[in-house]
Protein chains: 2
Amino acid sequence: MSQEGVDLETSLGYLLKEASSALRAAMEEVLRPLGMSVTHYACLELLAQRPGLSNSELARGAFVTRQTMNVLLQALERDGYVTRPAEAAVGKVLPTRLTARGRRSLEKASAAVRSVEARMLASLTETDQSAAFRILQSMVHSLRGDNE
Amino acid sequence: MSQEGVDLETSLGYLLKEASSALRAAMEEVLRPLGMSVTHYACLELLAQRPGLSNSELARGAFVTRQTMNVLLQALERDGYVTRPAEAAVGKVLPTRLTARGRRSLEKASAAVRSVEARMLASLTETDQSAAFRILQSMVHSLRGDNE
DNA sequence: TGACTCATGTCAGTATCCTGACATAGGTTC
DNA sequence: GAACCTATGTCAGGATACTGACATGAGTCA
């Protein structure tokens, strides 16, 4: 057989999914005690670094759909972690911002996630970290068809 | 501020999720016309390479829970893609096998997924592919705590 | 101005996957 | 053998994210 399908043992795609799955599991493990999901955390972290992001921008940044992010934002707003203006100043875009409570909640989560990332990086040399960054970016571009 | 959270622009974890998300989207895109989900495909591909895998083993291989794989297997069995013995020969393990129909269905899907992986690999040199493999494996091990 | 296209926010329904729980089989260890 | 631990298959309920659809605002183009 010359056509033997995608060999899972040597497939970079499979390994990529495996690594991503391990990372997600590790993040869920440390975020669960804080009552926070990965998407929940991603949303707060995005807002901390880029205040005023809209619902759609947050969705793209957290790799979920607008609809998913919308229900999350409604919950976060209800619970006082973020604020959004009742009406859009321009267009329909509602810029979102963290409240003091949101920032406080994020601090613990961010520390927990940092520890996970640190554990991951600890097994890599500086050179490998740079290589990984470059290679992963290349994968993203080719998969999205940016170079066509 | 020395503590400025996880910088998303330079975070390897974020980039890993981005790459994995792009891969999943690309796979979903080519599998959708075939009426197959990624987990669905993963299950068939696993069975093609390692016939006789049990429900739990398939779940681990496809990075989902036993319960999720169980309902998928029930659907696949109902539709004639796989077969499982009614009773376990030993213990409770039910070894699963592809039917001819399952193999046929997998062929098209496997070709489609191969094209996605090829597109991803095309942007990388041989050296980078080897490096990516080694680095991702290292990440998996450290995240799982295998080295402690 | 009007027609067209695109992006956004949001509602509803559905698919997918998960946690919790139970009974049961096999392998220890005493 | 008995007690224990682990792994398995399975059922039920709930959480999460998705697709489909709609109205609306902004930008483009004729």
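The analysis underlying the following values was restricted to heavy atoms, covering all of them including side chains, and did not include hydrogens, waters or symmetry mates. Model, not experiment: these values are computed from the prediction. Numbered from 1 within each chain, the chains take letters A, B, ... in sequence-line order.
- Atoms CG (A:L73) and C1' (C:dT8) sit 13 Å apart, rounded to a whole Å.
- In this structure, A:S142 contributes its side chain and A:S138 its backbone to a donor-acceptor pair below 3.5 Å.
- Closest to the side chain of B:T68, out of C:dC18, D:dA21, D:dC11, is C:dC18.
- Remark: side-chain polar atoms of B:T99 are paired, donor with acceptor, to backbone N or O of B:G80 under 3.5 angstrom.
- Whole-Å rounding puts the B:N55 CG to D:dT10 C1' distance at 9 Å.
- If you take CG of A:L94 and P of D:dA26, they are 13 Å apart, rounded to a whole angstrom.
- Remark: B:S56 is not in phosphate contact with D:dA7, judged by side-chain N or O atoms under 4.0 Å from OP1 or OP2.
- At the heavy-atom level, A:S54 lies under 4.0 Å from the strands shown only through sugar-phosphate atoms.
- Taking only side-chain nitrogens and oxygens, A:R84 comes nearer than 4.0 Å to OP1 or OP2 of C:dT10.
- A salt bridge does not link A:R103 to A:E107: none of the charged side-chain nitrogens sits closer than 4.0 Å to a carboxylate oxygen.
- Between A:S37 and B:E57, the residue whose closest nucleotide on DNA chain D is further toward the 5' end is B:E57.
- In this structure, B:M69 atom CE and D:dT8 atom C1' are separated by 15 Å, rounded to whole Å.
- Taking atom CG of residue A:L72 and atom C1' of nucleotide D:dA15, one finds them 13 Å apart after rounding to whole Å.
- The phosphate of C:dT16 (OP1 or OP2) has no side-chain N or O of B:T39 nearer than 4.0 angstrom.
- Heavy-atom nearest nucleotides on DNA chain C were determined for A:R32 and for A:V93, and the one closer to the 5' end corresponds to A:V93.
- Following rounding to the nearest Å, B:L53 (CG) and D:dT8 (C1') show an atom-to-atom distance of 14 Å.
- A:Q67 contributes a side-chain N or O that forms a donor-acceptor pair with the base of D:dG20 under 3.5 Å.
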Please walk me through it: do B:E18 and A:L136 pass side chain to side chain contact (heavy atoms under 4.5 Å, CB included)?
-> CA-CA 9 Å; B:E18 190 169 5; A:L136 285 173; over 6 Å; no
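- We find that CG of B:L76 is positioned 12 Å from P of C:dT16, with the value rounded to whole Å.
- Side-chain atoms of B:N70 lie closest to D:dT10 of the nucleotides C:dT10, D:dA17, D:dT10.
- Between C:dC11, C:dA21, C:dG9, one nucleotide has an atom nearer to the side chain of A:R66 than all others, and that is C:dG9.
- Checked against D:dT10, C:dA23, C:dG9, the side chain of B:K92 finds its nearest nucleotide in C:dA23.
- Going from atom CD of A:E28 over to atom P of D:dA15 covers 15 Å, rounded to whole Å.
- The shortest side-chain heavy-atom distance between A:L47 and A:L106 does not fall under the 4.5 Å cut-off.
- Residues A:R24 and A:G91 both approach DNA chain D. Their nearest nucleotides, taken by heavy-atom distance, put A:R24 toward the 5′ side.
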